[in-house]
Chemist: 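I'd like to ask some things about the structure below.
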Amino acid sequence: MGAPFLITIAAMALLSSLAIASDPSPLQDFCVAINDSKAAVFVNGKICKDPKVVNANDFFFQGFNIPGNTNNPVGSNVTRVLVNNLPGLNTFGISLARIDFAPYGVNTPHTHPRATEVIFAVEGTLAASFVTSNPPNNMKNRLFTKVLNPGDVFVFPQGLVHFIQNLGKTKALAFSGFSSQNPGVNTIANVVFGTEPPISPAVLTKAFQVDKKVIDALEAQFS
């Protein structure tokens with residue numbers, strides 16, 4: 001057995017070990033989530049409901065057709081269908097979201113630490129964008145932007161900062177799919193300026209290279 005063959009086998013084994021899903025694969029037909037605040041066991045996901053009492057409603061969500069309220073400072077609203085409001089998603093590694101936009105509204109920069117997101121434009125004209133992670137040698141982060149019209153699809157890679165802007169003077173709508181039952185969300189402005197307790201201004205003034213008054217004003221917006 002030659003060295004090239006062994007190298008190929010080793011490389012394939014390494015690659016296959018890296019090809020894992022965001023969520024663990026199910027080991028049974030279903031594991032409907034149950035919220036039990038008294039449970040003494042913590043698991044990576046949700047505790048399973050007794051299969052004998054599972055019913056069709058555990059796999060059902062109603063109201064995805066209802067527009068979200070976009071009367072807010074950013075002009076957008078996200079309606080999420082996650083394991084917490086659709087228990088039948090537990091262990092399946094998927095979830096959904098509806099994103100409504102007011103005219104010129106923005107789904108502000110954020111990340112999903114546990115999921116890749118696929119966005120499907122339904123109504124209006126949207127600019128979908130994401131930014132790469134920090135490159136080596138002090139190079140600039142790259143911004144990828146694509147204008148989406150109804151029927152277009154765009155992918156946001158897992159963990160990368162991304163955002164969506166309605167470019168039109170009419171409302172817009174998009175739906176998203178996630179590769180996790182609980183993708184998580186870190187809205188950049190909130191995690192930097194809206195923490196409890198606040199991040200030290202000494203840290204933020206150096207990070208953003210601005211005066212402390214600017215940091216104080218930004219933190220006041222999210223307090």
Chemist: Look up atom OG1 in Thr79 and atom CG in Asn85, then write down how far apart they are to the nearest 0.5 Å.
Modeler: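 Here the interatomic distance stands at 9.5 Å.
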Chemist: Is there a donor-acceptor contact under 3.5 Å linking the side chains of Asn182 and Asn84?
Modeler: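 Judged by distance alone, the side chains do not pair up.
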Chemist: Would you confirm whether Thr116, through its side chain, and Pro157, through its main-chain N or O, come within 3.5 Å as a donor-acceptor pair?
Modeler: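 Not a single qualifying donor-acceptor pair exists.
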Chemist: State yes or no: do Val203 and Val214 share one hydrophobic cluster built from I, L, V, M, F, W and Y residues joined by side-chain heavy-atom distances below 4.5 Å, directly or via other members?
Modeler: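 They do share one cluster, since a chain of ILVMFWY contacts under 4.5 Å joins Val203 to Val214.
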Chemist: With hydrophobic residues grouped by side-chain heavy-atom distances under 4.5 Å, do Phe64 and Ile119 end up in a single group?
Modeler: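 Not linked; separate clusters.
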Chemist: Take Leu148 and Lys146, measure what side chain to side chain contact (heavy atoms under 4.5 Å, CB included) needs, and give me the verdict at the end.
Modeler: CA-CA 6 Å; Leu148 306 182; Lys146 187 68 177 179; 4.0 Å; yes
Chemist: Are Val210 and Phe222 connected in a single hydrophobic cluster, I mean Ile/Leu/Val/Met/Phe/Trp/Tyr linked by side-chain heavy atoms less than 4.5 Å apart?
Modeler: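 Both belong to a single hydrophobic cluster.
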Chemist: Are Val74 and Leu218 linked, directly or through other ILVMFWY residues, by side chains that come within less than 4.5 angstrom of each other?
Modeler: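 No.
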Chemist: Ring pair (Phe, Tyr, Trp, His ring centres under 6.0 Å) with His112: which of Phe130, Phe178, Phe156?
Modeler: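 So, applying the ring pair (Phe, Tyr, Trp, His ring centres under 6.0 Å) to His112 and each of Phe130, Phe178, Phe156, only Phe178 qualifies.
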Chemist: Compare all side-chain heavy atoms of Thr145 with those of Leu143 and state whether any distance is below 4.5 angstrom.
Modeler: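 Sidechains of Leu143 and Thr145: in contact.
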Chemist: So which heavy atom on Pro198 is nearest to which on Glu219, and how close?
Modeler: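 Minimum heavy-atom separation between Pro198 and Glu219: CB-OE2, 3.9 Å.
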Chemist: Tell me, do Val32 and Pro87 make a side-chain contact under 4.5 Å, heavy atoms counted?
Modeler: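 Yes. Closest side-chain heavy atoms under 4.5 Å.
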Chemist: Let me know which of Gln181, Lys46, Lys49 forms a side-chain hydrogen bond (donor to acceptor under 3.5 Å, both in side chains) with Asn90.
Modeler: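 Only match with Asn90 under side-chain hydrogen bond (donor to acceptor under 3.5 Å, both in side chains): Gln181.
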Chemist: Taking the side chain as every heavy atom from C-beta outward, state whether Leu167 and Tyr104 have any atom pair closer than 4.5 Å.
Modeler: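 The answer is no, as the side chains (C-beta and beyond) never meet within the 4.5 Å cut-off.
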Chemist: Using modelled atom types and a 3.5 Å cut-off, is there a donor and acceptor pairing between side-chain atoms of Asn77 and backbone atoms of Gly68?
Modeler: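 Judged by distance alone, no pair lies under 3.5 Å.
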Chemist: Look only at the side chain of Asn55 and the backbone of Asn57, and say whether a donor-acceptor pair between them is shorter than 3.5 Å.
Modeler: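 Checked: pair present.
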Chemist: To the nearest 0.5 angstrom, please state how far the NE2 atom of His162 sits from the CD atom of Glu117.
Modeler: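 That separation rounds to 4.0 Å.
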Chemist: Tell me if the aromatic rings of Phe120 and Phe154 count as close, with their centers under 6.0 Å from one another.
Modeler: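 Ring-ring flag for Phe120/Phe154: false, centres at least 6.0 Å apart.
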Chemist: So that I know where these two stand, are Phe193 and Phe208 an aromatic pair - ring centroids less than 6.0 Å apart?
Modeler: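 Yes, the ring of Phe193 comes within the 6.0 Å limit of the ring of Phe208, centre to centre.
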Chemist: Return the minimal non-hydrogen interatomic distance between Val147 and Thr125, and the atom names on each side.
Modeler: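 Closest approach of Val147 to Thr125, heavy atoms only: CG1-CG2, 3.6 Å.
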Chemist: Provide the closest heavy-atom pair for Val185 versus Pro113 in the form atom of the first, atom of the second, distance.
Modeler: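 Distance-wise, the nearest heavy atoms are N-CD, 4.1 Å.
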Chemist: Taking Val118 as the starting point, is it possible to reach Phe92 by hopping between hydrophobic residues whose side chains are less than 4.5 Å apart?
Modeler: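 Looking at the clustering, Val118 is in the same group as Phe92.
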Chemist: Which distance, rounded to the nearest 0.5 Å, do you find between the CD1 of Ile164 and the OG of Ser176?
Modeler: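 Result: 5.5 Å between the selected atoms.
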Chemist: From Arg80 CZ over to Ser95 OG, what is the distance, rounded to the nearest 0.5 angstrom?
Modeler: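 OG of Ser95 is found 10.0 Å from CZ of Arg80.
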Chemist: I'd like to know if the side chain of Asn166 and the backbone of Thr170 have a donor-acceptor N/O pair within less than 3.5 Å.
Modeler: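 Present.
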Chemist: Under 3.5 Å, side chain of Ser200 to main-chain N/O of Ala202, donor-acceptor pair present?
Modeler: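 The answer is yes, because a donor-acceptor pair under 3.5 Å joins these two groups.
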Chemist: Looking only at heavy atoms, what is the nearest atom pair of Leu126 and Ala172, with distance?
Modeler: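 The pair with the smallest heavy-atom distance is CD2-CB, 3.7 Å.
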Chemist: Under a 4.5 Å cut-off applied to non-hydrogen side-chain atoms, are Phe175 and Ile99 in contact?
Modeler: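 The answer is no, as the side chains (C-beta and beyond) never meet within the 4.5 Å cut-off.
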Chemist: Return the CG to NZ distance between Asn134 and Lys140, rounded to the nearest 0.5 Å.
Modeler: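 Taking CG in Asn134 and NZ in Lys140, the distance rounds to 11.0 Å.
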Chemist: Are Asp211 and Lys213 ion-paired here, with the side-chain N under 4.0 Å from a carboxylate O?
Modeler: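 Between Lys213 and Asp211 there is no salt bridge, as every charged N stays at least 4.0 Å from the carboxylate O atoms.
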Chemist: Considering non-hydrogen atoms only, spot the tightest contact between Leu86 and Asp58 and give its length.
Modeler: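 Where Leu86 meets Asp58 most closely, the heavy atoms are CD1-O, 3.8 Å.
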Chemist: For the residue pair Thr132 and Asn141, what are the closest heavy atoms and their distance?
Modeler: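 That would be O-ND2, 3.0 Å.
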Chemist: What I'd like to find out is whether the side chain of Pro67 reaches to under 4.5 Å of the side chain of Arg98, using heavy atoms alone.
Modeler: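 Side chain of Pro67 against side chain of Arg98, heavy atoms only: contact under 4.5 Å found.
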Chemist: Step by step, would you call Lys171 with Phe101 a side chain to side chain contact (heavy atoms under 4.5 Å, CB included)?
Modeler: CA-CA 5 Å; Lys171 64 181 182 179; Phe101 296 87; over 6 Å; no
Chemist: Using atom types as modelled and distance alone, determine if a side-chain donor or acceptor of Asp50 lies under 3.5 Å from a backbone N or O of Val53.
Modeler: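 Here the side-chain-to-backbone pair does not exist.
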Chemist: What do the steps show when you test His110 against Asn186 for side chain to side chain contact (heavy atoms under 4.5 Å, CB included), and what is the final call?
Modeler: CA-CA 5 Å; His110 61 282; Asn186 291 323; 5.9 Å; no
Chemist: Does any non-hydrogen side-chain atom of Val192 lie less than 4.5 Å from one of Leu204?
Modeler: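 Leu204 vs Val192: side chains touch.
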Chemist: Do Pro150 and Val122 have side chains that approach each other closer than 4.5 Å (heavy atoms only, starting at C-beta)?
Modeler: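 Answer no - side chains too far apart.
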Chemist: Can you name the one residue among Leu160, Val191, Ile188 that meets side chain to side chain contact (heavy atoms under 4.5 Å, CB included) with Thr111?
Modeler: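 Output: one option passes, namely Ile188.
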Chemist: Step by step, would you call Asn107 with Phe163 a side chain to side chain contact (heavy atoms under 4.5 Å, CB included)?
Modeler: CA-CA 6 Å; Asn107 181 224; Phe163 51 96; 5.9 Å; no
